Amino acid sequence: MRKLVRLILPAAVILGSVAVVVGLLAIAKSKNSEKKAEAASAILVETVKADLQSLNLFVMSQGTVLPRTETALVAEVPGKIVSVSPNFVAGGFFHTDEVLLQIDPSDYEAGVKQAQANLASRQAQYSDQKARSEQALKDWTNLGREGEPSDLALHKPQLAEALAGVQAAEADLQKAQRNLVRTSIGLPYDGLVRTKLVGIGQYVGPGTPLGVTFSIDTAEIRLPLSSSDTAYLQLPSATGLEGPARPKVHLSAEGSGFDGQWEAEIIRTEGVIDETSRVIYAVAQVIDPYGVLGQSDKPELKIGTFVRARIEGLRADNVVVLPRSVLHANDTVLVANSERKLEIRQVDVLRAEPQTVYISSGIEEGELVITTALDAPIPGTLLTVSADAAGKQQPVASQPQVASDQP
């Protein structure tokens, strides 16, 4: 019996040990399977980390550079053009009061002399009648006549007629002098010639078009703004009754050799809403666009250039700037919380643009906003956050897309 026990007992111990090992392995395998199943059910997503910022909002627009002052030159007096300035060519620059065209002044100089002679004659006649009137009054007094002498006795009608002749002669002289001045054609500003229509030797009459010029001290750009754009801007009043708010404008142009950047400011609004497009126009001003007056060191900004405008808007504090794609229906975003579970978060949208959205509340500093597109997001869904995306900072939206696209 003892011999049988000695044979069976070691085998039983061995079998028991094997059973324990097999049981432990089964338990470990079960736990690993559960973990793998749990990991397999989590969704891999990419995120962007929310970062609170304080910034100026920007509104984008566009327009064409126009001259502040444009002049269509016409002849005021008839005559033959005897002199043309070398600057009077298309694209030529000229200075204030520079004589661009000279009409033959000979006849008008003679007219001035004739008017001066006529004035001298009329003044002599007036002096004669004045002396006669004074002498008549003395004679009336010396003769001891009673009462006041009549106007006729004092030659007052003749004196009045002589005075009227002097005044008419003065007017004729002024007219002759003005006509002489009008033979020299210039402008009261520094400018550029857009179009030249006449040349030397050509005879012109009153109203004959001579050319088109414009001033170069400033240029203007009409920028269309929608009602939603104006909500983010502090624009000057069209009537000038409000404070001198002048938002800064950054202009840029690209293509056809006109690349460059310029600084401008909004100087006024036109105060009328366009009935067709329902926009209001703000006018931006550029100082010394051609850089010839010493007031600008930027590349020349040619009249007619099409530019894009980035207008500085109101200040916004503690906002989160995110890609526009993260914003879902009813102003919601998807958030991966600290437990790596999905949350559908309601947010307050300060401004939404084609590429960027500005959120004023609803997301806290450092939270992870999901950028991966999910077909049917369910709150509480387990998430696996991409290690590379988890630490990524969202881009600062310093270049928002064009908000106003009217021509």
Side-chain angles (χ1 to χ4, degrees), residues 66-133 155-219 288-290 292-294 303:
L66 302 172
R68 179 182 63 87
T69 301
E70 188 168 35
T71 306
L73 296 176
V74 296
E76 296 182 89
V77 295
K80 183 173 67 174
I81 297 176
V82 295
S83 176
V84 177
S85 169
N87 293 328
F88 190 66
V89 292
F93 290 96
F94 59 87
H95 296 288
T96 302
D97 296 328
E98 178 182 345
V99 178
L100 301 177
L101 294 169
Q102 179 67 60
I103 296 174
D104 186 359
S106 303
D107 293 342
Y108 301 98
E109 291 171 349
V112 170
K113 291 180 179 180
Q114 184 177 357
Q116 290 173 338
N118 184 46
L119 176 60
S121 175
R122 293 292 185 175
Q123 288 174 336
Q125 292 177 16
Y126 175 74
S127 297
D128 180 65
Q129 289 298 333
K130 185 176 180 181
R132 289 175 182 272
S133 177
H155 300 274
K156 286 187 177 182
Q158 295 86 342
L159 182 61
E161 182 181 8
L163 178 59
V166 170
Q167 293 174 340
E170 289 175 343
D172 289 341
L173 177 59
Q174 291 177 356
K175 182 177 180 181
Q177 290 173 335
R178 283 199 304 270
N179 287 338
L180 178 59
V181 171
R182 288 168 179 167
T183 62
S184 298
I185 299 171
L187 291 156
Y189 54 74
D190 294 327
L192 183 144
V193 178
R194 182 192 287 271
T195 307
K196 174 188 176 183
L197 300 176
V198 295
I200 191 168
Q202 184 173 342
Y203 182 88
V204 296
T208 300
L210 306 175
V212 179
T213 65
F214 57 84
S215 64
I216 57 172
D217 56 342
T218 60
D288 191 12
Y290 284 86
V292 298
L293 304 180
I303 297 299

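It should be emphasised that the depicted structure is a prediction, and the values quoted were computed from it without experimental measurement.
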### Beyond-backbone contact of T71 with F214, side-chain heavy atoms, under 4.5 angstrom
no

#### Entry: Heavy atoms from other residues, nucleotides or ligands near CZ of R132 exceed 12 (cutoff 6.0 Å)
no

### Query
Quick check: does any side chain N or O of S215 sit under 3.5 Å from a backbone N or O of D217, one acting as donor and the other as acceptor?
no

### Heavy-atom side-chain proximity of I303 to E70 below 4.5 angstrom
no

### Query
Heavy-atom count around E109 CD within 6.0 Å, excluding the residue itself: above 12?
yes

#### Entry: Atom pair CD (E161) and CZ (R122), whose distance is rounded to the nearest 0.5 Å
8.0 Å

### Query
Could you go step by step and tell me if L73 and L187 meet the side-chain contact (heavy atoms from CB on, under 4.5 Å) rule?
CA-CA 9 Å; L73 296 176; L187 291 156; 3.7 Å; yes

### Task
State the CD-OH distance between Q167 and Y126, to the nearest 0.5 angstrom.
9.0 Å

### Message
Side chains of Y290 and D190, heavy atoms from C-beta outward: is any pair under 4.5 Å?
### Response
no

### Query
Hey, are the side chains of V84 and V198 touching, using non-hydrogen atoms and a 4.5 Å cut-off?
no

### Query
In Å, rounded to the nearest 0.5 Å, how long is the span from CG of L101 to OG of S83?
8.0 Å

#### Entry: Closest non-hydrogen atom pair between P78 and Y203, with its separation
CB-OH, 3.3 Å

### Query
Any sub-3.5 Å donor-acceptor pair from T208's side-chain atoms to G205's backbone N or O?
yes

### Task
Check A90 against R194 and note the closest heavy-atom contact, atom names and distance.
CB-O, 3.8 Å

### Query
Does any N or O in the side chain of N87 come within less than 3.5 Å of the main-chain N or O of L100, such that one atom is a donor and the other an acceptor?
no

## Note on the structure
Shortest non-hydrogen pair, R182 vs I185, comes out as O-CG1, 3.9 Å

### Message
Has S127 got a side-chain atom pairing as donor or acceptor with Q123's backbone, closer than 3.5 angstrom?
### Response
yes

### Message
Parallel, tilted or perpendicular, judged at 30° and 60°: which one describes the rings of Y189 and F94?
### Response
tilted

### Query
Do you know which two heavy atoms are closest between A115 and L173, and how far apart they sit?
CB-CA, 3.5 Å

## Note on the structure
Between L197 and P209 the two heavy atoms that sit nearest each other are CD1-CB, 3.7 Å

## Note on the structure
Rounded to the nearest 0.5 Å, the NZ atom of K175 sits from the CZ atom of R178 at a distance of 8.0 Å

### Query
What is the distance from atom CG of L192 to atom OG1 of T213, rounded to the nearest 0.5 Å?
9.0 Å

### Atom pair OG1 (T218) and CG (L66), whose distance is rounded to the nearest 0.5 Å
11.5 Å

## Note on the structure
Taking every heavy atom of N118 against every heavy atom of A169, the minimum-distance pair comes out as ND2-CB, 3.8 Å

### Query
Are the side chains of L119 and V166 in touch, meaning some heavy atoms are under 4.5 Å apart?
yes

### Task
Sort out for me which residue in L180, L210, T183, V82 forms a side-chain contact (heavy atoms from CB on, under 4.5 Å) with I103.
T183

### Query
Okay, side chain of D104, backbone of K80: is any donor-acceptor separation there less than 3.5 Å?
no

